[in-house]
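Just the heavy atoms: all of them, side chains too, but no hydrogens, waters or symmetry mates, feed the values below.
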Amino acid sequence: MKQIGFAALILIAAVVAGCANDNSLHVKGHLNSVGDTLLVITEENEKNPQTVIVKDGAFEFSCPLNRPQMIYMVAPQVMRGMQGIHLAVVGVPGETLEIRNDLNMGYEVGGSEFYQEFHKAEVAMEAVQKKQRALTQRCIDMARTGTPQDSVTAIFERENAPLQQQMEQTLMNFIKEHAQSEVAAAVVPFLPPSKMREGAALLAPSVKNGRMKTYYQRAIDDYEAQQKDEQKSAELQAVGRVAPEIALKDINGRPLKLSSLKGKYVVLDFWGSWCTWCIKGFPKMKEYYNRYKGKMEILGIDCDDTYDNWKAAIEKHKLPWLHVYNPKESPVLGDYGVKGFPTKIVIDPEGKIVHTVTGEDPSFYTYLDKLFAGK
């Protein structure tokens, strides 16, 4: 198994099979440099993780589960944003998992006959994963030595694309060759999301409709629901759509309507004081606000903040543009289909949407330069 790494490229999972008499996953392991404590997180205990004592790298525990699902074993410092052990596995109620360090593969699973079978899937994936890890490390080194982030991103995306295709083919071949095994069902969520349904169709009926169905089907359902949300957002943010009215209170408690700004370009900036990338983008936004101040206005729209945190962030970062407080009961996020932060939506002088960017993306500023060139 693998430690969670750069861009969350690889999520290595394992499933146990067989019959047991209780509803707990029994875990035994030995990991180097794990410290003296592990937190075990499941869907049931997400708000109150199970604490496991580790002695000289060794640990053993039972984890109650009501169905096959992802479980996470993390060092406490990871929860505070620091580096440390962070493992993800798929657990099945009533089974036993053994996990240990492996010099070649990072982490290796064992225990039941199924885990020994699953190791074959790990070996099949390892050749591609090794190349992906090398690419990841090279990109990290480039960023550390001053290569611009957009250049690093372009290199990573270009070179990782064929590796992803190679991994997809490797997984499809594995599913075909092991269609009678629950291991194949466990592999389905490793596929690119758009290929998971195709992979599941390759399973033998007894496996496809067996106890692992809830595990792989949930991954498929989550992806398809996300696709519907993205489609809806695209429709709400479509170029040429009349921007829905926004009527909220500004930092002085006075009503402010988007329609009052008609006649000039307006950038709607959906942000929050809790959003790291929102904060990182402020210096560049200030630069462009000053550059095009006479040609556009920025309207900052608070999201998921308390009033005090919102107001304090505006003052702390000295944000000179217009701001409105967006309470949780407000329909604004839904009206504009906002799903990620920051999201910037450009409204033209007639009040129509002309451009949307999600994330702190340099292309937004390139767009503004082209938009206002010669104006």
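Rounding to the nearest 0.5 Å gives a distance of 11.0 Å between CZ of Phe61 and NE2 of His26. Distance check, rounded to the nearest 0.5 Å: OG1 of Thr37 to CD1 of Ile53 gives 5.0 Å. For the atom pair CZ (Arg133) and CD1 (Ile140), the distance works out to 12.5 Å, reported to the nearest 0.5 Å. Expressed to the nearest 0.5 Å, how far CD1 of Ile155 lies from CZ of Arg138 amounts to 7.0 Å. Atom CE of residue Met167 and atom CD of residue Gln129 lie 4.5 Å apart, to the nearest 0.5 angstrom. Taking SG from Cys278 and CG from Asp269, the interatomic distance works out to 7.0 Å, rounded to the nearest 0.5 Å.
Defined by atom type and a distance below 3.5 Å, a donor-acceptor pair is present between the side-chain atoms of Asp361 and Ser363. Side chains of Asn45 and Thr42: a donor on one and an acceptor on the other come within 3.5 Å. Between the side chains of Gln169 and Gln165, no donor N or O sits under 3.5 Å from an acceptor N or O. Side chain to side chain, Glu44 and Gln69 meet the donor-acceptor criterion of an N or O pair below 3.5 Å. For the 3.5 Å distance criterion, the side chains of Asp141 and Gln137 qualify, holding a donor opposite an acceptor.
Between Leu65 and Val92, the closest side-chain pair of non-hydrogen atoms is not below 4.5 Å. Residues Pro349 and Lys262 are not in side-chain contact: their nearest non-hydrogen atoms beyond the backbone lie 4.5 Å or more apart. With contacts defined as side-chain heavy-atom distances shorter than 4.5 Å, the pair Thr343/Trp271 does not qualify. Counting heavy atoms from C-beta outward, Pro192 and Gln164 have side chains that stay 4.5 Å or more apart. Side-chain contact between Val74 and Ile41: present, with at least one pair of heavy atoms (C-beta onward) separated by less than 4.5 Å. The shortest side-chain heavy-atom distance between Met296 and Leu368 falls under the 4.5 Å cut-off. With contacts defined as side-chain heavy-atom distances shorter than 4.5 Å, the pair Gln166/Leu163 qualifies. Taking the side chain as every heavy atom from C-beta outward, Glu182 and Tyr215 never approach each other to under 4.5 Å.
Across all their heavy atoms, Ala179 and Leu202 have their closest contact at CB-O, 3.4 Å. In terms of heavy-atom proximity, Leu236 sits nearest to Gly334 at CD1-O, 3.2 Å. Residues Gln50 and Ser62 share a closest heavy-atom pair of NE2-O, 3.1 Å. For the residue pair Met73 and Leu38, the shortest heavy atom distance occurs at C-CD2, 4.4 Å. Closest non-hydrogen pair, Glu297 versus Trp321, comes out as OE2-CB, 3.8 Å. Between Leu191 and Glu168 the shortest heavy-atom distance is CD2-O, 3.9 Å.
A salt bridge is defined here as a Lys NZ or Arg NE, NH1 or NH2 lying under 4.0 Å from an Asp or Glu carboxylate O, and Lys130 with Glu126 fails to meet this definition. In summary, Glu159 and Lys131 do not engage in a salt bridge, as defined by a charged side-chain N under 4.0 Å from a carboxylate O. In summary, Glu43 and Arg218 engage in a salt bridge, as defined by a charged side-chain N under 4.0 Å from a carboxylate O. A salt bridge is defined here as a Lys NZ or Arg NE, NH1 or NH2 lying under 4.0 Å from an Asp or Glu carboxylate O, and Glu95 with Arg211 meets this definition. Comment: Glu108 engages Arg100 in a salt bridge, judged by a side-chain N to carboxylate O separation of less than 4.0 angstrom. With respect to the salt-bridge test (charged N to carboxylate O, under 4.0 angstrom), the residues Lys195 and Glu198 qualify.
Between Phe364 and Tyr288, the ring center distance fails the sub-6.0 Å criterion.
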| query | How far apart are the C-alpha atoms of Glu224 and Lys228, what are their side-chain angles, what is the distance that settles it, and do they pass the salt bridge (charged side-chain N to carboxylate O under 4.0 Å, His left out) test? | reply | CA-CA 6 Å; Glu224 292 181 349; Lys228 289 181 180 179; over 6 Å; no
| Lys311 and His323: CA distance, side-chain angles, deciding distance, side-chain contact (heavy atoms from CB on, under 4.5 Å) verdict | CA-CA 9 Å; Lys311 192 169 183 178; His323 294 274; over 6 Å; no
| request: Could you give me the CA-CA distance, side-chain angles and deciding distance for Tyr265 and Tyr292, then say whether ring-ring contact (aromatic ring centres under 6.0 Å, His included) is met? | output: CA-CA 10 Å; Tyr265 282 94; Tyr292 298 121; over 10 Å; no
| Derivation and outcome, side-chain contact (heavy atoms from CB on, under 4.5 Å), residues Tyr289 and Met285 | CA-CA 6 Å; Tyr289 178 72; Met285 285 186 67; 6.0 Å; no
| side-chain contact (heavy atoms from CB on, under 4.5 Å) between Ile279 and His317, worked out | CA-CA 8 Å; Ile279 303 303; His317 300 288; 3.4 Å; yes
| task | For Glu230 and Gln226, run side-chain hydrogen bond (donor to acceptor under 3.5 Å, both in side chains): C-alpha distance rounded to whole Å, both residues' side-chain angles, the deciding distance at 0.1 Å, then the answer. | result | CA-CA 6 Å; Glu230 290 178 358; Gln226 179 183 347; 3.0 Å; yes
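With hydrogens and angles disregarded, no donor-acceptor distance shorter than 3.5 Å links the side chain of Ser181 to the backbone of His178. Under the 3.5 Å distance criterion, the side-chain polar atoms of Asp335 are left unmatched by any main-chain donor or acceptor of Pro244. No donor-acceptor distance shorter than 3.5 angstrom exists from the side chain of Asn160 to the backbone of Phe156, with no hydrogens or angles considered. A side-chain donor-acceptor contact under 3.5 Å links Gln237 to the backbone of Gly337. The backbone N or O of Ala143 sits nowhere less than 3.5 Å from a side-chain atom of Thr147 that would complete a donor-acceptor pair.
At a threshold of 4.5 Å between side-chain heavy atoms, the hydrophobic network of Ile, Leu, Val, Met, Phe, Trp and Tyr places Tyr223 and Met172 in one connected group. Grouping the Ile, Leu, Val, Met, Phe, Trp and Tyr side chains by contacts below 4.5 angstrom, directly or via other members, places Trp277 apart from Ile298.
In summary, of the residues considered (Arg197, Met212, Lys208), a side chain to side chain contact (heavy atoms under 4.5 Å, CB included) with Gln217 occurs for Arg197 alone. No option in Asp302, Asp304, Asn309, Asp305 other than Asp305 meets the side chain to side chain donor-acceptor pair (under 3.5 Å) test with Ser273.
Not a single disulfide bond (SG atoms under 2.5 Å apart) links Cys63 to another residue, sequence neighbours left out. Scored by the disulfide bond (SG atoms under 2.5 Å apart) test, Cys303 finds no partners at all (sequence neighbours excluded).
Seen from the ring of Tyr325, Lys249 does not count as a face-on cation partner, given the 6.0 Å and 45° thresholds.
The aromatic rings of Tyr72 and His86 are tilted relative to each other, their planes meeting at an angle between 30° and 60°.
Leu261 belongs to a hydrophobic cluster whose remaining members, ordered by chain and number, are Ile246, Leu248, Leu256, Leu258, Val266, Leu268, Phe270, Trp274, Leu299, Ile301, Leu322, Val324, Val332, Leu333, Tyr336, Val338, Phe341, Ile345, Ile347, Ile353; membership requires side-chain heavy atoms of ILVMFWY residues under 4.5 Å apart, directly or through intermediates.
By the neighbour-count criterion of 12 heavy atoms within 6.0 Å, atom CG of Asp36 is sparsely surrounded, having that number or fewer from other residues, nucleotides or ligands. Sparse packing is recorded around CG of Asp56, with 12 or fewer heavy atoms of other residues, nucleotides or ligands lying under 6.0 Å away.
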